[in-house]
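Below: the structure, in structure tokens.
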Amino acid sequence: MSIQNTIQAIQSTLPPTAQLIAVSKTFPESDIEQAYTTGIRDFAENKVQELTRKYENLPKDIRWHFIGHLQTNKIKYIASFVHLIHGVDSLKLLAAINKEAAKNERIIPCLLQFHIAQEDTKFGLSLPEAEELLQSKEYNNLHNIEIHGVMGMASYTNDETQVSGEFQELFDIFTSLQQKFFADKAYFKELSMGMSHDYRIALQHGATLLRIGSTIFGNR
Ligand SMILES: *Cc1c(COP(=O)(O)O)cnc(C)c1O
């Protein structure tokens, strides 16, 4: 199937509460241009240099999501235009993003990344760590970032019961943080979970942002 047909096929199965983000990392700008003709405007990258190059060369109404591990010294290259930073897992990183956002006189939306998979190589916070962060004085003085929700990656396994349990865990974390810290913040509404191989399961547990790459663009 073509890039366009695949995007339309995926979108036709999504509930109105879930949004597709096309993960274009490693794929050429010509592939993004093809995808763009379907009307999709949300694309995700995980390398700062690749993201800035694509941002410069492609239409300016694209909403660029950053889904990789962000180094503090590179935030400045994307701070003026990034739409949403998905993988924030420390107060230090959040403070650094806030600083660059302030320089650009804007608010940068971020998601807190949680460790839900069994593999211990993946980044992410635990619920107690997130609560400590959100209760800290330093966090409450950051006025140029907004936490719009949570993000996570399930274990890479064919065991659907396990993946299902991990997505449910992230849903429960989302609900708990929403009630405890963001009850009056309508912008706290995103649950970024689900990739090519597991997004159907993520949808069953309330995913609002799906990060799908290889199904759309092919194998990397
Ligand atoms: C690459 C990547 C994706 C997309 O993975 P696919 O298997 O290609 O759909 C989603 N989320 C993150 C964080 C990624 O790095």
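Just so you know, these numbers use all the heavy atoms, side chains as well, and skip hydrogens, waters and symmetry mates. Atoms within each ligand, like the ligands themselves, are counted from 1 in listed order.
Contact detail for Ser164 and His205: the closest heavy-atom pair is OG-NE2, 2.8 Å.
Crowding of Phe182 atom CZ: a count of heavy atoms from other residues, nucleotides or ligands under 6.0 Å exceeding 12.
Side chains of Glu100 and Asn104: a donor-acceptor N/O pair is absent below 3.5 angstrom, by distance only. Using modelled atom types, one finds a donor on one side chain and an acceptor on the other under 3.5 Å when comparing Ser24 with Glu45. No side-chain donor from either of Gln4 and Thr38 sits under 3.5 Å from a side-chain acceptor of the other. Between the side chains of Thr157 and Gln162, no donor-acceptor pair is found at a separation under 3.5 Å.
Ranking the protein heavy atoms by distance from atom 13 (C) of ligand 1 puts Ile67 O, 3.6 Å first. When only non-hydrogen protein atoms are considered, atom 4 (C) of ligand 1 lies nearest to Arg211 O, 3.6 Å. Among all protein heavy atoms, the one lying closest to atom 9 (O) of ligand 1 is Ser196 OG, 2.5 Å. Considering only non-hydrogen protein atoms, atom 7 (O) of ligand 1 sits nearest to Ser214 OG, 3.5 Å.
At least one heavy atom of Arg220 sits less than 4.0 Å from an atom of ligand 1. Between Ile212 and ligand 1 there is a heavy-atom distance shorter than 4.0 Å.
Nearest residue to atom 10 (C) of ligand 1 from Met153, Met195, Met151 is Met195 (criterion: closest heavy atom). In this structure, of Met193, Lys25, His69, the residue bringing a heavy atom nearest to atom 2 (C) of ligand 1 is Lys25.
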